[in-house]
Amino acid sequence: MSLFYLFPTISFYRRILFLQKQQLVFAPLIALLALLSGCQTTRSNIVAIPSPADMRSEVSVNGRVSTLKHIDIQHVGKQIPLTYSEGKIANSRGYDWWVSKHFALKSDLPEDKVKLYLELLEMSYPHYVELFGMAPSAIDKKRIAVVYGSSRQRTKEAMLDDGFLRGVHKTAGGETMFYNRAGYNFPSHRQHHQRYIVIHETMHAFHMALNGHSTWAPNWITEGMADAIASHVYDPNKKQLTVMVFDRAPMNYLHLGLQQYYQNGQPSFEAINDDPSLKRGLNFFIVHFLLSDPERYQYFKRFIGKLMDANPHSENTLPTANALLKQTFPDWPQLEQQFAAFVRSATPSFYIVDGPWEQNGATYWLRNTESKTLNRLDIHPNFSSTHAVMDFPAPDKTPLINSLDEHSVAALIDLEPEQSKRGEIGFALIADLTIESLDARLGRVKPKEIDFNKDTLLQFTLQEGMKLTVSSNQELFPAKSVALLPQLRNDIKLYHQVALTLSKRDDALIIKMKTQHHEQLARLPLIQIGVSDLSLQKISLIGRNNNHRITPYFAAHDYLITNEQTTNPWHFNDAALLRRAFRNIALS
Amino acid sequence: MTPLREIFNKQKSRIVTETEHKTLNRLLQQWQSTLGDNALFTLSGINIQSYFSDEKHYLYVNNPSNHHMTLSMANYSETLDFGEHRIELPTPSVKSLVIHWNGLTQQKPLLTPKIPFYGVQMKVSVRDNITITLNGPYSGASSGVLRVNFIPFHSFKNDEPLWQLPVTFAPYESKTFSVDKLRGLKDGVLKITGEFDVDGEPLQLTKTINL
């Protein structure tokens, strides 16, 4: 008998039948043992923990976009899976274990949430591998452990079970522990943050699984990469996750980065590396700067490899990283100049003036139950920018919106049927922004010091599901309304959808309202606002007293999705070959 | 660098064609003739890592190239095609590997420790004495107190520990403490507790043993 076992990937699949039989043998026994031990579970079909090799996770990966095709998720009750936590993670009251191919999740959350988080993690996994350029060696056998409690207190309880005496840090939404390489998460009230935190913390756990810990890397790598990848857009209808999003609406790190950049005296890359304090926005900028150019991308990968090999202790991490940065990048002063230019030329498309806006794909909605305030989300994309602009998939074409150009803009409104007769939803054109308002979105002044009501908006809202109202927030003219035709209202009642398209013609605005089978046109001449000077590419989404979803359509929002199966951000199929070639440059 | 920079620029504009694929292969072939054996890993992209799982020692081998590789160690040899492979190593572990790829040869030393290291751990065994083995973290200063308590089954006993010791431990350090306190102990629970500050993180590790 050979001393060696060789099992290339293909052999994993030959073992499926064997393990399925094994499950049949063990399932009744485990269920009986669970019953005898007083273990309570809502599910009676607890089976043996399937091997990672026997579970499927089929994700179509195209650049930074993952679309879930198939996922196996197994509830395994109180059986603790083999994980990178190496036995240092216990069971907890009210928590059960669930496994997917690469992750083991301990949670007391409902099944739909557990599945969502495992789906998000499997969709994130290829991007974790791409960012570090490697996967954990034993991932064919060991999973990465994740704990997601239903509250901060319940999460603290799970941490106490594992020997942690502190619980999650007071200001943190989650925490990943060096001791056992497990991420501990709990939900906030924000849906995008619930997804963000699990993608972020599990990135740390992945990082630690690579070589045991993560203290060899400075903040801008550990937190910067975890924040960058968790800066996501998720489309729940398509089960499509876009990671590493530079320009998005909620948790806008692009805006935070600009604020921190100007508040901290425009720090250099080196200064950010050497600063032990956590500044998420600046870290986010560094990571996106390094990953935004194909050549810098390769140097960054080389730097990560060198730093991991150096494996400095925590007290030496920053000076080691500093020295290696200057050794790795061939012209450091030039890199610093490029970094400064990168930050200073960044302009966020999104600015949440007020309101708890959520983003699902290219759709936005208000999470609140506020009935009085008209909430506002500005979207001012600069599609001619050299930066990534609205770098997530554009909304699907709809027959309710015809082709657009730079002189037109549209929004598709999906109404919550039960709320169709209350509140208002729509968008505004920006007639004028104050200088302070412009500076606030570029991070140059503090938003709290600004009165955004001084901006001049021309507002178009669908009100109470029966009329379109045009108004000026500065009361430059009395509000005007046009009633929706009965056939449109009937369509809305049946299909819960209406599109508003605005276009300019001479000195008037043409407004088209279109439902499934009908459309209605209205012409709006205005003398109080110069129509010819209005940009139809800068809008504010506005809403009050409902949770309707609104999807703006811009002619220039064109995020490329191809059929290439690659994690390379530029969809370059020969990325691995290029990386090999690049690695020889230093030798040749 | 120029041909690669051209490819980088085309990559950014997404106008890479079959020509660039050929250019990359041609560059790698040119470099192979000039760089020789020393560049085996960078030319091939072969990645070899050793790791532990289930207390067994494995090699992870990824060969991303279109050429097969031969991996030799001790009296074993295996040909590996494109893709990921995992190979269980014998105990005691081999000290070095020999890799042949596309006419190039390289030796690679294996520096993996004999036993796996997973960061902070406290292991306890009881024979003639109580032996406590404490492993340090991957990084950072750590300190705390080790305590041994005995709690009898059939009578009350004051809660003061049988033994306690302030300890400090460094990254990757393994310390063993032999506690000669077993004499006369039976019918009870031996409880070993470590309360530590590990690189800033308060942590309590506990083991209990029935006597």
Side-chain angles (χ1 to χ4, degrees), chain A residues 2-10 82 86-88 134-138 140-142 163-166 177-181 208 211-216 293-295 297-298 311-315 317 560 562 568 570-588, chain B residues 1 4-5 7-9 11-12 14 16 20-21 24-25 27-28 30-31 34-35 38-39 42-45 47 49-54 58 60 64-65 76 78 80-81 83-90 116-121 137-141 171 195 198-199 201-206:
Chain A
S2 167
L3 285 170
F4 302 90
Y5 294 115
L6 183 70
F7 40 94
T9 306
I10 195 163
L82 179 67
E86 306 295 350
K88 300 191 218 176
M134 64 191 88
S137 303
D140 63 317
K141 289 197 177 71
K142 294 183 199 178
F164 299 108
L165 301 177
R166 170 170 59 83
M177 310 307 288
F178 299 144
Y179 165 64
N180 64 358
R181 291 168 286 274
M208 294 176 195
N211 70 338
H213 68 127
S214 64
T215 50
W216 52 270
D293 175 86
E295 190 175 346
Y297 196 81
Q298 297 295 337
N311 197 20
H313 286 177
S314 50
E315 62 273 21
T317 297
L560 183 69
T562 63
N568 181 270
W570 300 276
H571 304 191
F572 183 44
N573 258 341
D574 269 341
L577 194 62
L578 179 61
R579 191 173 177 207
R580 276 168 60 195
F582 180 81
R583 290 173 70 189
N584 288 280
I585 289 293
L587 305 171
S588 63
Chain B
M1 188 63 180
L4 277 194
R5 188 156 285 155
I7 295 174
F8 287 137
N9 289 335
Q11 187 185 349
K12 199 168 183 180
R14 293 203 176 96
V16 186
E20 281 71 42
H21 177 81
L24 286 172
N25 278 316
L27 282 170
L28 285 166
Q30 281 174 7
W31 285 329
T34 55
L35 296 174
N38 287 340
T42 52
L43 288 166
S44 65
N47 177 19
Q49 293 171 40
S50 60
Y51 66 97
F52 285 95
S53 183
D54 286 334
Y58 293 90
Y60 165 84
S65 75
Y76 166 83
E78 182 75 44
L80 305 173
D81 290 330
E84 291 183 318
H85 310 269
R86 289 179 171 87
I87 301 162
E88 188 181 334
L89 290 169
F117 176 76
Y118 297 129
V120 171
Q121 270 184 323
Y138 287 91
S139 189
E195 271 192 35
V198 179
D199 201 9
E201 183 59 41
L203 189 66
Q204 179 174 288
L205 306 180
T206 305

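It should be emphasised that the depicted structure is a prediction, and the values quoted were computed from it without experimental measurement. Chain naming here is simple, since letters A, B, ... match the order of the sequence lines and numbering starts at 1 in each.
- Only the side chain of A:Asn311 comes within less than 4.5 Å of a heavy atom in chain B; its backbone stays farther off.
- Annotation: salt bridge (Lys or Arg N to Asp or Glu O under 4.0 Å) contacts of A:Lys88 (sequence neighbours excluded): none.
- You'll find the side chain of A:Phe178 reaches within 4.5 Å of the side chain of B:Asp199, heavy atoms only.
- At a threshold of 4.5 Å between non-hydrogen side-chain atoms, the residues B:Gln11 and A:Asn568 count as touching.
- Residues B:Leu24 and A:Leu578 form a side-chain contact, since some pair of their non-hydrogen atoms from C-beta on lies under 4.5 Å apart.
- Contact of A:Phe164 with chain B is made through backbone and side chain together, with heavy-atom distances under 4.5 Å.
- Cation-pi geometry between A:Lys141 and B:Tyr58 is satisfied (NZ or CZ under 6.0 Å from the ring centre, within 45° of the ring normal).
- Of all heavy-atom pairs spanning A:Asn584 and B:Leu28, the tightest one is ND2-CD2, 3.8 Å.
- The main-chain N or O of B:Thr42 is never found under 3.5 Å from a side-chain atom of A:Arg583 such that the two would form a donor-acceptor pair.
- At a 4.5 Å heavy-atom cutoff, the contact between A:Arg181 and chain B is made by side-chain atoms alone.
- With sequence neighbours left out, the side-chain contact (heavy atoms from CB on, under 4.5 Å) criterion links B:Pro171 to A:His313.
- Using a 4.5 Å cut-off between heavy atoms, A:Ala576 does not touch chain B at all.
- With contacts defined as side-chain heavy-atom distances shorter than 4.5 Å, the pair B:Ser65/A:Arg580 qualifies.
- Per-residue counts of heavy-atom pairs under 4.5 Å with chain B were compared for A:Pro136, A:Ala581, A:Ser137; the largest is that of A:Ser137.
- Heavy atoms of B:Ser44 lying under 4.5 Å from chain A belong exclusively to its backbone.
- Proximity to chain A is limited to the side chain of B:Ile7, based on heavy atoms less than 4.5 angstrom apart.
- Taking A:Leu577, A:Thr215, A:Asn573 one by one and counting their heavy-atom pairs under 4.5 Å with chain B, the maximum is reached by A:Leu577.
- Interface remark: B:Leu43 contributes backbone and side-chain atoms alike to the contact with chain A (heavy atom separation under 4.5 Å).
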